[in-house]
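The structure appears below as structure tokens.
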Amino acid sequence: MKTGTIFIFRLARSRKGIGMSEASKLYRKLYGYNNSSYYGRYHTRVNGLLDEIKGIRLFNGAFIVRNDDAPRVEELLKKYNAEFIQKKVILDTKERKVLGV
């Protein structure tokens, strides 16, 4: 059986004094964002870490990555003082294909 690592995280902003701008930075670095001009003259996609490592986003605050990529994700979440848990999970055929394991 092939396994991956699931991360479930949250930002306890009020308790840890994390500002909205710092929270936005984490989400952008993790999930990426669309960059466009005010007048609509250009539109580009800026990839995040999950795009780079081919993670599977389950919903906001939960995703699956390859076991080898887990340390990079853990480092990013710790940098932004996110509370998180990570566990090994068994991957189904579709998840193995997306993650390339």
Side-chain angles (χ1 to χ4, degrees):
M1 285 184 275
K2 299 281 184 175
T3 63
T5 302
I6 187 171
F7 282 87
I8 302 170
F9 79 96
R10 71 178 180 170
L11 288 172
R13 290 185 41 235
S14 60
R15 189 162 29 102
K16 292 192 173 188
I18 298 169
M20 191 62 197
S21 64
E22 285 299 301
S24 294
K25 286 179 187 177
L26 170 61
Y27 285 111
R28 286 179 172 208
K29 286 186 180 196
L30 194 56
Y31 298 128
Y33 61 98
N34 291 321
N35 187 18
S36 59
S37 74
Y38 179 75
Y39 298 105
R41 293 186 182 148
Y42 66 89
H43 179 82
T44 57
R45 167 85 182 141
V46 178
N47 289 334
L49 180 60
L50 289 185
D51 297 312
E52 201 178 296
I53 63 176
K54 298 180 182 157
I56 301 169
R57 185 175 178 176
L58 303 173
F59 54 87
N60 201 26
F63 50 87
I64 301 171
V65 298
R66 291 182 300 218
N67 294 328
D68 294 344
D69 295 324
R72 288 180 67 188
V73 174
E74 185 177 349
E75 180 181 326
L76 181 64
L77 293 174
K78 283 181 178 178
K79 178 180 176 181
Y80 286 92
N81 295 317
E83 296 175 345
F84 66 94
I85 60 170
Q86 66 187 81
K87 300 281 185 184
K88 300 284 189 233
V89 293
I90 298 171
L91 302 172
D92 65 21
T93 305
K94 186 177 176 182
E95 292 165 341
R96 287 195 309 265
K97 187 175 182 180
V98 171
L99 296 177
V101 293

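- A 6.0 Å sphere centred on NZ of Lys88 holds more than 12 heavy atoms belonging to other residues, nucleotides or ligands.
- To the nearest 0.5 Å, atoms CD1 (Ile90) and CZ (Arg96) are separated by 10.0 Å.
- Under the side-chain hydrogen bond (donor to acceptor under 3.5 Å, both in side chains) criterion, Glu52 pairs with Arg72, sequence neighbours left out.
- Residues satisfying the side-chain hydrogen bond (donor to acceptor under 3.5 Å, both in side chains) criterion with Ser24, sequence neighbours excluded, are absent altogether.
- Evaluation of the side-chain contact (heavy atoms from CB on, under 4.5 Å) rule for Val89 yields Ile6, Ile64, Leu91 as partners, not counting sequence neighbours.
- The side-chain contact (heavy atoms from CB on, under 4.5 Å) check on Lys54 picks up nothing, with sequence neighbours excluded.
- Val46 belongs to a hydrophobic cluster with Tyr33, counting contacts under 4.5 Å between side-chain heavy atoms of Ile, Leu, Val, Met, Phe, Trp and Tyr, direct or through other members.
- One distance of note links CG of Leu49 with OH of Tyr31; it measures 10.5 Å at 0.5 Å rounding.
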- Query: Would Thr5 and Asp69 count as a side chain to side chain contact (heavy atoms under 4.5 Å, CB included) if you check the C-alpha gap in whole Å, the side-chain angles of each, and the deciding distance to 0.1 Å?
  - Reply: CA-CA 9 Å; Thr5 302; Asp69 295 324; over 6 Å; no

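- In this view, Asn60 and Arg57 satisfy the side-chain hydrogen bond (donor to acceptor under 3.5 Å, both in side chains) rule, not counting sequence neighbours.
- Partners of Lys29 by side-chain contact (heavy atoms from CB on, under 4.5 Å), not counting sequence neighbours, listed by chain and number: Leu76, Lys79, Tyr80.
- Here Phe63 contributes atom CZ and Leu58 contributes atom CG; the two are 9.0 Å apart, rounded to the nearest 0.5 Å.
- In the hydrophobic clustering of this structure, Ile56 does not group with Ile53; members are Ile, Leu, Val, Met, Phe, Trp, Tyr whose side-chain heavy atoms approach within less than 4.5 Å, directly or through other members.
- For the residue pair Leu99 and Gly55, the shortest heavy atom distance occurs at CD2-CA, 4.0 Å.
- Linking Ile, Leu, Val, Met, Phe, Trp and Tyr residues whenever their side-chain heavy atoms come within less than 4.5 Å leaves Leu30 and Ile85 in two separate clusters.
- For Glu74, the side-chain contact (heavy atoms from CB on, under 4.5 Å) criterion is met by Phe7, Lys78, Phe84, Gln86, not counting sequence neighbours.
- Summarising the geometry of Gly4 relative to Asn67, their closest heavy-atom pair is C-OD1, 3.0 Å, with the distance given to 0.1 Å.
- When side chains are defined from C-beta on, Phe9 counts as touching Leu26, because their heavy atoms get closer than 4.5 Å.
- Under the rule for a side-chain hydrogen bond (donor to acceptor under 3.5 Å, both in side chains), the partners of Asp51 that lie at least two apart in sequence or sit in another chain are Arg45.
- Separation of atoms OG1 (Thr3) and NZ (Lys87) is listed at 14.0 Å; rounding is to 0.5 Å.
- Lys25 is linked by a salt bridge (charged side-chain N to carboxylate O under 4.0 Å, His left out) to Glu22, counting only residues two or more places apart in sequence or in another chain.
- Residue Glu95 is tested with Thr93, Asp92, Val98 for a side-chain contact (heavy atoms from CB on, under 4.5 Å); the sole match is Asp92.
- Here Arg28 pairs with nothing under the salt bridge (charged side-chain N to carboxylate O under 4.0 Å, His left out) rule; sequence neighbours left out.
- Scored by the salt bridge (charged side-chain N to carboxylate O under 4.0 Å, His left out) test, Asp68 finds no partners at all (sequence neighbours excluded).
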